[in-house]
Amino acid sequence: MNRYVKTALLTGAAWSVMSGLAMAQTAPVATAPQEDVTGLEDIVVTARRTSESLQRTPLAVSAFSGETLERTGATQVTDLQGSVPNLNLVQGRGSSNATNIYIRGIGQPDALQTFDPAVGVYVDDVYYSRIRGSQFDLLDLERIEVLRGPQGTLYGKNTIGGALRLVSRRPGQELRARGSVAYGSYDMIDIQGAVSGPVSDTLAFGLSALHSERGGYVTNPVTGAEYNDKNTQAVRATLAWDPMSNLRVDLTADYSHDDAGLTVGQNTNTLVGSSGQVIVAVPTPLPGYNFETEVDPGLPNETRLESRGVALNVGYDISDALSLKSITAYRRLNTDDYIDFDATPREVSSALVAVDQDQFSQELQLTYDSGPLTAVGGLYYLRENIDSHQEAYADDLLGPLFLNSGFLRTVDDTLETTSKAAYGNVTYALTDALRISGGVRYTEEEKDYRRTTSTFFSALPAFNATFPFAPPVASFDDTSFMASVDYQLTDDVMLYGRFSQGFKSGGYNGRANSAAEATLYAPETAESFEIGFKATGYDNRLRLNVAAFTTEYEDFQARVSGLDVDPITNLPAPVLSVINAGNLEISGLEVEGTFAITPNLTIDTQIGLLDAEYGEFADARFTAFGGSRAFQEPAFSPRVTARYGIQYVADVPNGGGDVTFGAVAKYRSRMALAVDNTPVNSAAELPGMFQDDYWLFDARVAWTDVSGRYTVGVYGQNILNEVYRTDAQEFSSVGNIRTAYYGAPQTFMIKLSARY
C-alpha cells in the first residue's frame, strides 16, 4: 500500500477517534490552590531557536513545565514514556546510564561508543553526543520539549528522529527555594533541593542537588544479590549575570555520579556453544519472568558513571531587533559497565565496557526579529574524543574442553570526531495570518578511528592474536533543508504544513571481530512531510493538536549477526556486521489533547498511530526470501501508543488547602524489540524479541496547603503489576544469545515537597 494512502487512512481513523473525545494537548495547568482559573497554561518554547507559544509553533512538539513534572511525580526522563505520541523512551539494554530513544520509528538502541544516536539530546542547548549518560534525573527544570520528526536544519546531525530538550531554571532577583524528600518501594530514597537568588543587583546564583537511590527489583535467587538498582548523586551550580540591560551571561557547572549494580534481563533462548553443545536449555514456550536472574558469578556487580561539564552562554542584544548568542561547552564522561549479555550463571558472553569521552562545542547564533521577518543563523563546531577499553569473557562458549581456560578478548579503540556546520532559518509573515519558513544547514564531519583487538587463550596458544585497524579518516557532508507554511485560521486555530530533512553520521563498526568486519558504513538520511493543526477553544479550556506525517528513512544502519569459521580453531566464529541495509517507509498520525472541563476537573490524552515497514532490507543470507529481510517488523515501532489521564482537585473546607487525585492509563500495542527478530533465513518470529500489547496504570493523590508551599503526595506506578519487556539484546551469533529486559514492577512512593 502506498505510504501516502496509509497516511490518509490513519488520518481518517484518528478523526473518528477524536470525534468521540473532547480532549486536547500538553499537560494540565499548574495553578496555586484555590485559584479561580479555568484556562490551560500557555507554555513558551524555543523549539525553533526563538521564543514562541507552543500553539504558534508549526511543528509537532510536546512540552512539559517543571511544575507539571513535579506534580505528576516524574523523577527521571524515562517517566515521559507514554506521555508523547510515537515516543519510545526507556532505560537502555544492559546499562544503568543509557537511554533507548525512538521517535516515529527512528532511533538507536545500541550504547556502543562508535554508534551515534538518532534522537538528539540537549541540556540548555548543549548537545550530548552519547546515549550513555542520558538517563537523567529531573532536577530543577523549567521545562522539557520533545520535537518529533527530522530536525536537521536547526539542530544538525543525529536528529533524524527528533530532539529531546531539557531547559533548566535560570536564577533571578527573587529568592526562591524548593526541596523534596521521597521514600518508596525497594527502599527508594530521593532527596532534592534547589535554591537561587540575588548576589547583587546584577548577579544571581543558583544551586541544586539530589541524592537518589533504590534497591534492585531483580534478584539472584542463589546469592540474594540485587540488580537493576539505582544510586545517583548530582549537583548543578549556575551564575546568572546581567551587567547591562542588553547583555546576559550564564555560567553553569554540573556533576553527576552513578554507582549501580548490573542491569540484567531474562535469557529467552537455548544457548549453544561453538562446538554445538547445549550450554543452557530454555523450555518452549518461554516461561514467565519473576524478576529473578542468575548471572555469571565471576562478574562484578557494578556499573559506574561519572559525568561533568561546564557551559558559558552569552547573549547580547545588538539592537532591538538583532541579537547575538554564544554557547561554549565542555563535557566529560567516564563509564565502567559490566554486562552479562546472556543473563545466565554460565560464562557465555560477559564483558567490561569502559569509556572515557570528552567533547568541546561552540555555537554562535545571530537572531533578527522585526516586523514580518524573523531569522536565525549560526555556526556550530564540535570536537569529540572517545577512548574505549573492552574485555570479553566467554569460557563456556568454547566447549567443555576449554572450561576455565582463561579466554579473553580485548578491544582498545579511539574515535575522534570533528563536526562543523552553518545554518540559517527564516520566517516571513506574508499577512497577519500567513507565514512561510525556510531553513538550510550544511555539515562537514570527519571521523578518525583507531582500533586494536587482541585474543588471549591459554588452552590454545595458536589462537592468540592481535590485529590493529587504522583506516583512513572518514569524511561526510550533508545539506539538509526545511520548508513550512502556517496559517492562523482564527485566533484559536492554526494550520501548518512542513517538509524537513535530517541525517545521521556514518562510522566504523565498534563490534567487529576482524578487520573485514570493521568497515565503514554510510550516513542515514530522512525526509518527512508533516501536516497538522493546533487549536484552542472554550475560553482556553480545550486544546487539540493533531499532526499527520510520512517519512522516507534511507540507508538505515543495521547491526546484523552471522557466523563464520575461524581458520585456526575451525570453530564457528561470530560475525557482527553493521550495514546500510535499505530503507523504511513510515507514516502516522498524532493527537494530543487536554480539556479543563471545570476549574477542578481536567482530562487529557495522547494518541500515536504508526505504520512502519521496510521498503528494502538487503541480507544475502535470506536466500529463501530473495536476499531480503523486508518482511520483518521494524523495532520499537508499535502501531498504537495511547495515554488517557484524569485529574480532579478537591477543595478542603475551612482553608484546608486542596487534594489532587490523578490517574493515568497507558497503552502500547505489540512491537519488536530488536532488529534481528527472526532466525536467519526464516520468517518465524522469535517470541523473546517481541512484546505483546499491554496497559499500564498509574495513580496519585496529593494534599497541598492553602499557601501552595507544602505538598504531601502518594504516587503509584504500574499499580496492577504488569510484567512487560522494554528492550532486547540480540547476539545470536554468540552462543545463540537473545536476552529481554523488563520494565519496573509495581512501585509506590510518598513524597513531601516544600517551596518558598
Side-chain angles (χ1 to χ4, degrees), residues 45-52 54 56-63 103-104 106 116-122 125-129 145-165 323-327 361-369 373-382 419-429 435-445 476-486 496-506 523-532 547 549-555 586:
V45 298
T46 52
R48 297 202 300 167
R49 301 290 187 143
T50 58
S51 298
E52 57 188 340
L54 177 68
R56 284 288 286 148
T57 304
L59 62 97
V61 54
S62 302
I103 297 179
R104 294 179 174 177
I106 299 177
D116 286 332
V119 175
V121 175
Y122 296 80
D125 287 330
V126 175
Y127 173 63
Y128 281 52
S129 298
E145 301 174 11
V146 182
L147 286 61
R148 306 192 295 278
Q151 306 294 325
T153 52
L154 285 175
Y155 292 90
K157 70 183 182 95
N158 302 342
T159 58
I160 57 173
L164 174 66
R165 304 183 66 241
S323 299
L324 177 66
K325 179 186 288 187
S326 170
I327 305 169
S361 61
Q362 173 64 56
E363 183 169 6
L364 293 174
Q365 187 180 110
L366 195 64
T367 303
Y368 179 82
D369 187 359
L373 179 65
T374 301
V376 179
L379 301 172
Y380 183 78
Y381 173 85
L382 171 73
S419 185
K420 305 172 185 177
Y423 64 90
N425 191 89
V426 175
T427 298
Y428 188 79
R435 298 185 302 178
I436 57 172
S437 301
V440 61
R441 188 184 190 105
Y442 176 73
T443 302
E444 289 184 351
E445 183 163 293
F476 310 100
D477 63 84
D478 176 81
T479 302
S480 295
F481 294 94
M482 185 282 300
S484 73
V485 58
D486 61 270
Y496 72 90
R498 174 181 168 89
F499 167 78
S500 59
Q501 294 179 317
F503 97 109
K504 176 184 163 188
S505 182
E524 302 175 341
T525 61
E527 291 187 351
S528 180
F529 292 91
E530 176 180 312
I531 59 173
F549 63 89
T550 181
T551 302
E552 283 285 349
Y553 182 23
E554 299 283 352
D555 293 323
I586 306 170

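Keep in mind that what you see is a predicted model, and the values were worked out from it rather than measured. Here, residue 1 is the first one in the sequence, and each next residue gets the next number.
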Practice task
Report yes or no: do Ser484 and Asp486 form a side-chain donor-acceptor pair below 3.5 Å?
Solution key: no
Handout entry: Distance in Å, Thr550 OG1 paired with Glu527 CD, rounded so as to fall on 0.5 Å steps
Key = 10.5 Å
Handout entry: Working for side-chain hydrogen bond (donor to acceptor under 3.5 Å, both in side chains), residues Ser323 and Gln365
Key = CA-CA 8 Å; Ser323 299; Gln365 187 180 110; over 6 Å; no
Exercise for the section: Heavy atoms only: give me the nearest Thr443-Ala421 pair and the separation to one decimal. Expected result: OG1-CB, 3.8 Å
Handout entry: Distance (rounded to the nearest 0.5 Å) between Thr367 OG1 and Lys325 NZ
Key = 7.0 Å
Practice task
Apply the test side chain to side chain contact (heavy atoms under 4.5 Å, CB included) to residues Thr50 and Thr374: give CA-CA distance (whole Å), side-chain angles for both, the deciding distance (0.1 Å), then the verdict.
Solution key: CA-CA 9 Å; Thr50 58; Thr374 301; 4.2 Å; yes
Practice task
With rounding to the nearest 0.5 Å, note down the distance linking CG in Leu379 to OH in Tyr423.
Solution key: 8.0 Å
Exercise for the section: Scan side-chain atoms only and decide if Arg165 and Thr46 contain a donor-acceptor pair under the 3.5 Å cut-off. Expected result: yes
Handout entry: Distance-only polar pair, side chains of Thr153 and Gln501, donor-acceptor under 3.5 Å
Key = no
Practice task
Could you tell me whether the side chain of Lys504 and the main chain of Asp116 form a donor-acceptor pair under 3.5 Å?
Solution key: yes
Exercise for the section: Please round to the nearest 0.5 Å and tell me the distance separating atom OG1 of Thr525 and atom CG of Asp478. Expected result: 8.0 Å
Handout entry: Tyr155 and Tyr122 aromatic ring geometry - parallel, tilted or perpendicular at 30°/60° bounds
Key = perpendicular
Handout entry: Gap separating the CZ atom of Arg48 from the OG1 atom of Thr57, nearest 0.5 angstrom
Key = 6.5 Å
Practice task
To the nearest 0.5 angstrom, please state how far the OG atom of Ser419 sits from the CD atom of Glu445.
Solution key: 4.5 Å
Practice task
Check step by step if side chain to side chain contact (heavy atoms under 4.5 Å, CB included) holds for Ile103 and Val146.
Solution key: CA-CA 9 Å; Ile103 297 179; Val146 182; 4.1 Å; yes
Practice task
Give the minimum heavy-atom separation between Tyr127 and Pro117, together with the two atoms involved.
Solution key: OH-CG, 3.8 Å
Handout entry: Between Arg148 and Ser62, a side-chain donor and acceptor under 3.5 Å
Key = yes
Problem - Backbone N/O of Leu154 and side chain of Arg49: donor-acceptor pair under 3.5 Å - result: yes
Practice task
For Ala60 and Tyr496, work out which heavy atoms get closest and say how close.
Solution key: N-OH, 3.6 Å
Practice task
Identify the heavy atoms of Ser437 and Thr427 that sit nearest to each other, and give their distance.
Solution key: OG-OG1, 2.8 Å
Problem - Arg498 to Pro150 - nearest heavy-atom pair and separation - result: NH2-O, 3.7 Å
Practice task
Could you check Ile586 against Phe549 for side chain to side chain contact (heavy atoms under 4.5 Å, CB included), going step by step and ending with a plain yes or no?
Solution key: CA-CA 8 Å; Ile586 306 170; Phe549 63 89; 4.1 Å; yes
Practice task
Kindly give the heavy-atom pair with the smallest separation between Asp555 and Pro523, and that separation in Å.
Solution key: CB-O, 3.5 Å
